[in-house]
Amino acid sequence: VPATATTVRDSLLNVCLDAKHHKTAPGPEGQLYGQCTPWKDNACCTANTSVQAHQDQSYLYNFNWDHCGIMPEKCKRHFIQDTCLYECSPNLGPWIKPADSSWRKERILHVPLCLEDCEQWWEDCQNAVTCKVNWHKGWNWTTG
C-alpha cells in the first residue's frame, strides 16, 4: 500500500525519541513542572524529568548549567525551554535522526527556531560565558 502524505505526516507526529529519559509513547502527564507544562496533555517526559530539567545540577545528563560560572536566570530559561522541548515534545518526528551513542539511539537535528525566539535568546545570553566550545562532547569528568 503506497504511503500517503497523511500517513507520512502522522508517522512523524505523536512519537517519542528513543533516548535516555523518554517514555516509549507520548501520553498525559498532568504534573509536569515549570516550563515543561505546555506538554502536560501529551508528553514524552515524566513529571520527574520535567523537574530535573529545571535543576542547576541535574541528574538527567550529569550537567550543571553553571559549569563556567553563574548563568543568568534570563539566559538559563532558554536552555531549560530547549531541554523541555527535547524531553517532552511528541512532535519532533521530522527532526529525529539516528544517534550512535551509549545513552540514546536517536537525537534531533536542525529543529527550526523562530526568529523572535533566536533574537531573544541572543539578547538574554549575550553577556553570559561558557568555557566549552561544544557542550555535546569532549568533557573531562575525572574531577566530577
Side-chain angles (χ1 to χ4, degrees), residues 3 6-144:
T6 302
T7 304
V8 171
R9 184 191 72 227
D10 290 347
S11 71
L12 297 176
L13 301 177
N14 207 38
V15 297
C16 295
L17 283 163
D18 186 357
K20 189 173 184 178
H21 301 289
H22 291 76
K23 298 183 334 189
T24 56
E29 287 288 335
Q31 299 299 315
L32 293 187
Y33 179 77
Q35 290 176 246
C36 297
T37 58
W39 291 278
K40 67 181 172 48
D41 293 334
N42 195 36
C44 289
C45 64
T46 64
N48 188 47
T49 296
S50 73
V51 169
Q52 287 296 315
H54 291 75
Q55 303 299 311
D56 285 341
Q57 178 65 52
S58 172
Y59 87 90
L60 290 178
Y61 302 100
N62 194 27
F63 188 81
N64 189 321
W65 296 123
D66 298 326
H67 63 274
C68 297
I70 303 299
M71 182 184 287
E73 288 301 318
K74 67 181 183 176
C75 178
K76 191 179 301 182
R77 71 183 178 88
H78 296 281
F79 289 96
I80 292 170
Q81 190 67 39
D82 176 67
T83 301
C84 287
L85 175 75
Y86 173 78
E87 297 292 347
C88 300
S89 179
N91 299 315
L92 294 171
W95 302 282
I96 293 176
K97 305 294 181 208
D100 185 18
S101 171
S102 62
W103 55 278
R104 65 180 178 183
K105 293 185 176 148
E106 294 178 328
R107 66 182 191 149
I108 52 174
L109 194 60
H110 304 303
V111 177
L113 181 64
C114 294
L115 176 63
E116 297 83 9
D117 292 335
C118 182
E119 289 174 344
Q120 190 64 56
W121 198 334
W122 166 252
E123 183 66 31
D124 292 343
C125 296
Q126 66 179 329
N127 295 317
V129 297
T130 184
C131 51
K132 189 84 173 64
V133 172
N134 184 340
W135 285 10
H136 290 279
K137 61 183 180 180
W139 290 94
N140 179 351
W141 297 106
T142 58
T143 63

Candidate pair Cys44 and Cys16, rule disulfide bond (SG atoms under 2.5 Å apart), full reasoning
CA-CA 5 Å; Cys44 289; Cys16 295; 2.1 Å; yes
More than 12 foreign heavy atoms under 6.0 Å from [atom1] of [X]: is that the case here?
X	atom1	value
Phe79	CZ	yes
Gln31	CD	no
Asn134	CG	yes
Lys105	NZ	no

For [X] and [Y], which heavy atoms make the closest approach, and how far apart are they?
X	Y	value
Gly34	Pro38	O-CD, 4.5 Å
Pro26	Pro90	CB-CB, 3.6 Å
Ala43	Leu32	CB-CD1, 3.8 Å
Trp65	Ala53	NE1-O, 3.9 Å
Ser58	Gln52	OG-O, 3.0 Å
Gln35	His54	N-NE2, 2.9 Å

To the nearest 0.5 Å, how far apart are [atom1] in [X] and [atom2] in [Y]?
X	Y	atom1	atom2	answer
Glu73	Lys76	CD	NZ	4.5 Å
Leu17	Ile108	CG	CD1	6.0 Å
Leu113	Trp121	CG	CH2	6.5 Å

Is there a disulfide bond (SG atoms under 2.5 Å apart) between Cys84 and Cys36 once you walk through the steps?
CA-CA 5 Å; Cys84 287; Cys36 297; 2.0 Å; yes
Evaluate the side-chain contact (heavy atoms from CB on, under 4.5 Å) criterion for residues His22 and Glu87: first the C-alpha distance (whole Å), next the side-chain angles of each, then the deciding distance (0.1 Å), finally the verdict.
CA-CA 6 Å; His22 291 76; Glu87 297 292 347; 3.4 Å; yes
With side chains defined as the heavy atoms from C-beta onward, is the minimum distance between Trp95 and Pro112 less than 4.5 Å?
yes
With side-chain contact (heavy atoms from CB on, under 4.5 Å) as the criterion, how do Leu92 and Leu85 come out once you've worked through the C-alpha distance, each side chain's angles and the decisive distance to 0.1 Å?
CA-CA 9 Å; Leu92 294 171; Leu85 175 75; 4.3 Å; yes
Suppose we screen for side chain to side chain contact (heavy atoms under 4.5 Å, CB included). Which residues come up paired with Asn91, at least two apart in sequence or across chains?
Leu13, Ser89
Backbone of Trp122 reached by a side-chain donor or acceptor of His78 within 3.5 Å:
no
Donor-acceptor under 3.5 Å (Asp66 side chain, Met71 main chain):
yes
Please lay out, stage by stage, how His67 and Thr130 fare under the test side-chain contact (heavy atoms from CB on, under 4.5 Å).
CA-CA 8 Å; His67 63 274; Thr130 184; 3.1 Å; yes
Hey, are His21 and Thr46 close enough side-chain-wise for a donor-acceptor pair under 3.5 Å?
no
Show every salt bridge (charged side-chain N to carboxylate O under 4.0 Å, His left out) that has at least one partner inside residues 23-44, sequence neighbours left out.
Lys23-Glu29
Arg77/Asp124 under side-chain contact (heavy atoms from CB on, under 4.5 Å): CA gap, chis, key distance, verdict:
CA-CA 9 Å; Arg77 71 183 178 88; Asp124 292 343; 2.8 Å; yes
